[in-house]
Asks: 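Before I ask anything, let me first share the structure, which is written out below as structure tokens.
Start at 1 and go down the list; that is how both ligands and their atoms are numbered. Since we're looking at a predicted model, the values are computed, not measured.
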Amino acid sequence: MMYFSALLIILSLLSVPSGVYSGKILVYPVDGSHWINMKVLITELYSRGHNITVIRSSDNMYIKESPYYSYITVDMGEYNEKYWNNLLSVSLLMHRNEILPWNKIIFGVEVMKMFSEIHKQICNMTAKIFENETLMNSLQQANYDMLLADPAMGGGVLLAHKLGLPLVLNVRWTVLGESHFAIAPSPLSYVPVPGAELTDKMTFTQRVTNVLIYFMTNYQHSNYFGHHYKEFCQKYFGPDVDYFSLFQNADIWLMRNDFTFEFPRPTMPNVVYMGGFQCKPSSPLPDDLEKFVQSSGEHGVIIMSLGTLFGELIDDITDEIAAAFAQLPQKVIWRHTGPRPSTLGNNTLLVNWMPQNDLLGHTKTKVFVAHGGTNGIQEAIYHGVPILGLPLAFDQPDNLSRMREKGTAKVLDITNLDRSVFLEALKEVLYNPSYRENMQKLSQLHHDQPMKPLERAVFWIEYVIRNRGAPHLRTQSFRMSWITYHSVDVILTLLGVVMISGWIMFLALRCLCVTLIFKKKNKCE
Ligand SMILES: *[C@@H]1O[C@H](CO)[C@@H](O)[C@H](O)[C@H]1NC(C)=O
Ligand SMILES: *[C@@H]1O[C@H](CO)[C@@H](O)[C@H](O)[C@H]1NC(C)=O
Ligand SMILES: *[C@@H]1O[C@H](CO)[C@@H](O)[C@H](O)[C@H]1NC(C)=O
Ligand SMILES: *[C@@H]1O[C@H](CO)[C@@H](O)[C@H](O)[C@H]1NC(C)=O
Ligand SMILES: *[C@@H]1O[C@H](CO)[C@@H](O)[C@H](O)[C@H]1NC(C)=O
């Protein structure tokens, strides 16, 4: 009997790992900063024993060889990098010339055109895969369990359809804008469109702005980006396939945000929030950095990083920032790769790279000066450090406006920056305790959940592998026409019934009245 129960225990212990099914996952990522996030997922999937294959172009910037995955390289010449670099310099230029609204519009169109070019190139790359028979055969024979894609570019979605694979999206943007707008009801009365820098409490004029921006961005996106995919689908899938419904047909949407960041809004059963999945507890700092941090004493340290791509700001702005830092008793660690500012104070340490997560987790860190990029805001929420925001481009202003609304950040316009404005703002975030308190509260809310975001993401990926997709979680909404979706036909029919029965009743009553009056008249006479 003892043996038997011991055997049972051993058996049940052994059966635990058998629940972890090793899957074959095909990944179609987006290059650039999006890849950094995808890699976090891939690393975790690898550590759980999944076999991962990544599709990349020969001219990719960040997707390097790694023991975590095998890869398929599609030969694309030297295209990608040139365009990404162009895009970045135009975005920066746009900031410098922001004085005239007209220039802003011109640059906006220029940025759209460049993005359009990148989408075109993605379609071209996907076409190359489709038309390479050996490659397609090997993809088909590999028997993948699912495809993991970032739908900011549509390649992965198209390939998943072609191969008939379940599709999981690692998503914040689709080709047509913020991802919720693609699948969940999004009443424009309280769901601000990203880019409008609005909140969930809008005045009448703000609601007008929200609606206008919604239609404008929708038009721009489908006009500049959508048509590449439309042509692609026309050519390879036939006229019946609407490209955007291929996106909407995804099994699971792993959203890179959550409701500590987002305003409350309707969502869907196949949406899984994994905001902050890239965050980790901090590790101890390297000795020299720790010494510098400790030397700040009771004043603490300020850390500043404007991301990988915008490391070198324009000289005159860096001088102003350095001058403001020099007037503070705090120590400053500044990730800066450009020339040394002439006004640099002796409390400021310039570094080429810094362990951002470990610094944010350090108890002496008081303020994070950030541009609102991919990991910065999430890591600041994770560790509860208030932000002084200097947004530069893309969705960064909008990201920071959400933090400002929650009272966890102060946001400055980098084009009108001088030392006194910057110093004033820094002092406010440093000495007004509300910023820190609000951020700590937000951090607490972020941590108070049953499962870590990364575990949740991996659970749902494995769920799709185990169950060969999740079609029972997909709604029918996107298969409907506008009229059906909004029940316009039903409302019109019911309205018709009411009107016709009302008319009949009116006729009947009139008839009755006429007869009564007629009778009365007859009696009187
Ligand atoms: C993963 O799958 C590929 C393709 O089928 C195979 O070549 C490779 O050896 C596998 N890797 C592991 C670690 O099983
Ligand atoms: C990709 O683009 C190149 C250059 O624009 C063009 O020559 C080629 O035909 C395109 N390939 C496909 C498969 O569309
Ligand atoms: C097709 O794909 C195979 C395998 O990835 C590759 O070796 C070959 O060069 C490709 N052919 C063309 C024409 O791109
Ligand atoms: C740093 O500069 C301040 C004033 O600019 C000066 O008072 C202080 O002594 C300097 N500290 C060191 C360590 O040089
Ligand atoms: C804005 O925030 C979201 C959610 O945290 C993040 O996914 C996105 O990458 C951020 N934007 C930029 C430009 O980094």
Asks: Tell me whether His446 contacts the main-chain N or O of Gln449 through its side chain, where contact means a donor paired with an acceptor under 3.5 Å.
Replies: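 Side chain of His446 to backbone of Gln449: no pair is present.
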Asks: Atom CG in Leu254, atom CG in Leu148: separation rounded to 0.5 Å?
Replies: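 So the gap between those two atoms works out to 7.0 Å.
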Asks: Are side-chain heavy atoms of Met146 and Leu165 found at a separation under 4.5 Å?
Replies: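 No, their side chains stay 4.5 Å or more apart.
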Asks: Could I get the full list of side chain to side chain contact (heavy atoms under 4.5 Å, CB included) partners for Val211, not counting sequence neighbours?
Replies: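 For Val211, the residues satisfying side chain to side chain contact (heavy atoms under 4.5 Å, CB included) (neighbours in sequence not counted) are Leu188, Phe215.
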Asks: Under a 4.0 Å heavy-atom cut-off, which residues neighbour ligand 3?
Replies: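 For ligand 3, the residues that come within the 4.0 Å heavy-atom cutoff are Asn132, Thr134, Leu135.
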Asks: Salt bridge between Glu379 and Lys280, side-chain N to carboxylate O under 4.0 Å?
Replies: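 Result for this pair is no, no salt bridge flagged.
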Asks: Tyr28 and side chain to side chain contact (heavy atoms under 4.5 Å, CB included): which single residue from Val157, Ile129, Leu158 fits?
Replies: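 Exactly one option meets the side chain to side chain contact (heavy atoms under 4.5 Å, CB included) with Tyr28, and it is Ile129.
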